[in-house]
Amino acid sequence: MPDLEPCVSFLRRLIQTPSLPGQEEDLARLVVAEMQDLGYDEAGVDEVGTVVGTIRGRGDAASVVFNTHLDHVDVGDPSRWPHPPFGGEIHQERVWGRGAVDIKGPLASQVHAAASLLRERPPGDVLVTAVVQEEVGGVGARTLAHRLEPSLMVVGEPSSNQVRRGHRGRTEILVHLIGRSVHASVPASGLNPLISLGRFLARLEEVERVEHPELGRSSVAPTLLRTDQTSGNVVPGEVWLTCDWRNVPGEAPERARESLERLAVEVAEPGVAVEVTIPTQPLVSWTGRTVETSAAHPAYLLAAEHPAVVAASSLAAECGASGDADVWRFATDGSHFYEAGWTPVGFGPGDEGLAHTVDENVEIAALELSLAVNARLGRELARRAEEEA
Ligand SMILES: [Zn+2]
């Protein structure tokens, strides 16, 4: 059984080390140093700065790869937090701060749980990976998924210590409307794309969505809006609207793009040009690598009776956690691995409803339970999944 106290202390140091996407160097070095102190056989970073630690197994059983990420979302206005976002303070038997559940709680748990396997050695190799830039497009996961041999994976994202088996995908779709800019005192002589955009937004709810028996319905939300102007007295010539589309398995991102394009073409005023794309952007990792990254993240789902899901759920139940397996509301890097042939099951401490909020905190008791389950998964998931198959 892994010790709780060193894990809590590690989690607090993780929270005290900010690691926005592309700025994960300090945190990566902290995690590598911890792995070395704990006695991992290998610990280092790859070309984009993802941490990979290895614990060699005693035999040649299939390996189990633990996965989380290093980066977190912005904290916003620190004065809105009940406790300092980078304090890692303990109140009410909980650790508070940005990343407590997404992602430093799950990360601390995986690093320390895997280390406890060093005493007896697991039947196969156990790898602990913490990737870069999950929150902005999955640079680390996309790289790692193709560099390592696909295997069983435990995706550590907050799940209240319950096994997860998939989630909807996420695609950003950019709606670009091009009109004609003029002085705002004579709007009729221009072509204001915001008028067409207004019609587009008013009818967005009508766009056809796909119903999935287990993951619910796909959804679309307009999120970011920008024009080509910074002056309030000029009719803009161009407008860009980002739509966040959550697709279900079997619903291709291209299909979603096409349906938004149809709507935009239908509502645009005569003369307004329409471009609807799934953008890619060059993301620079902390090691200086530039990776062209698509805004499309696939959905993924393992069946409830999948051997890895059944095995993980029963191992969790044997440790006193819930034996049910559910799906996540949000998207994770698991989908990039799934797409590359891996078998990702999700499991992590913490309430997923607290992710990306100012109230982020994780119960120390939940961290303790997750340590036990993760250790068990590292030691037995491969063999148990084989038995279930
Ligand atoms: Zn996360």
Side-chain angles (χ1 to χ4, degrees), residues 10-11 14-15 17-24 27-28 30-31 48-51 65-76 85-86 88 95-111 113 128-145 153-172 244 246 283 285-286 293 295 297-300 326-339 342 344-362 366-367 370 374:
F10 179 48
L11 170 57
L14 292 175
I15 292 173
T17 310
S19 53
L20 282 168
Q23 301 169 32
E24 301 99 334
L27 193 78
L30 178 64
V31 175
V48 294
T50 287
V51 173
V65 177
F66 285 98
N67 173 257
T68 55
H69 52 99
L70 295 166
D71 59 321
H72 56 74
V73 294
D74 192 22
V75 302
F86 299 117
V95 183
W96 293 75
R98 172 54 84 228
V101 300
D102 185 12
I103 187 66
K104 293 172 177 180
L107 170 59
S109 176
Q110 290 193 347
V111 169
V128 179
T129 64
V131 300
V132 296
Q133 291 166 299
E134 187 267 351
E135 299 286 1
V136 291
V139 169
R142 291 176 203 249
T143 311
L144 194 66
M153 166 166 273
V154 179
V155 176
E157 291 275 358
S159 72
S160 299
N161 286 332
Q162 192 188 48
V163 170
R164 294 279 188 266
R165 55 191 180 88
H167 51 69
R168 296 182 300 171
R170 170 172 186 270
T171 298
E172 282 186 18
D244 176 302
R246 302 285 161 145
L283 291 174
S285 71
W286 68 261
T293 308
H297 311 265
Y300 101 86
D326 203 347
V327 294
W328 268 306
R329 285 196 302 276
F330 52 61
T332 75
D333 267 344
S335 59
H336 299 301
F337 289 96
Y338 182 78
E339 200 178 37
W342 293 63
V345 293
F347 177 85
D351 176 353
E352 68 181 282
L354 294 175
H356 300 196
T357 73
V358 299
D359 296 314
E360 237 189 302
N361 72 82
V362 65
L367 195 67
S370 78
N374 275 329

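When a residue number appears, it is its place in the shown sequence, counting from 1. This one's a predicted model, so the numbers in the text were calculated from it and none came from an experiment. We count ligands from 1, going down the list as the structure has it; atoms in each ligand are counted the same way.
- Coordination check, His69 versus the Zn ion (ligand 1): passed, since an N/O/S atom of the residue sits under 2.8 Å.
- Side chains of His167 and Ser335: no donor on one and acceptor on the other come within 3.5 Å.
- For Asp102, the N, O or S atom closest to the Zn ion (ligand 1) goes by the atom name OD1.
- Listed for the Ser370 side chain is a donor-acceptor partner under 3.5 Å among the backbone atoms of Leu367.
- Within the 3.5 Å criterion, the main-chain N or O of Gly22 finds no donor-acceptor partner in the side chain of Ser285.
- Note on Glu157: its N/O/S atom closest to the Zn ion (ligand 1) is OE1.
- To the nearest 0.5 angstrom, Asp333 atom CG is 9.0 Å from Glu135 atom CD.
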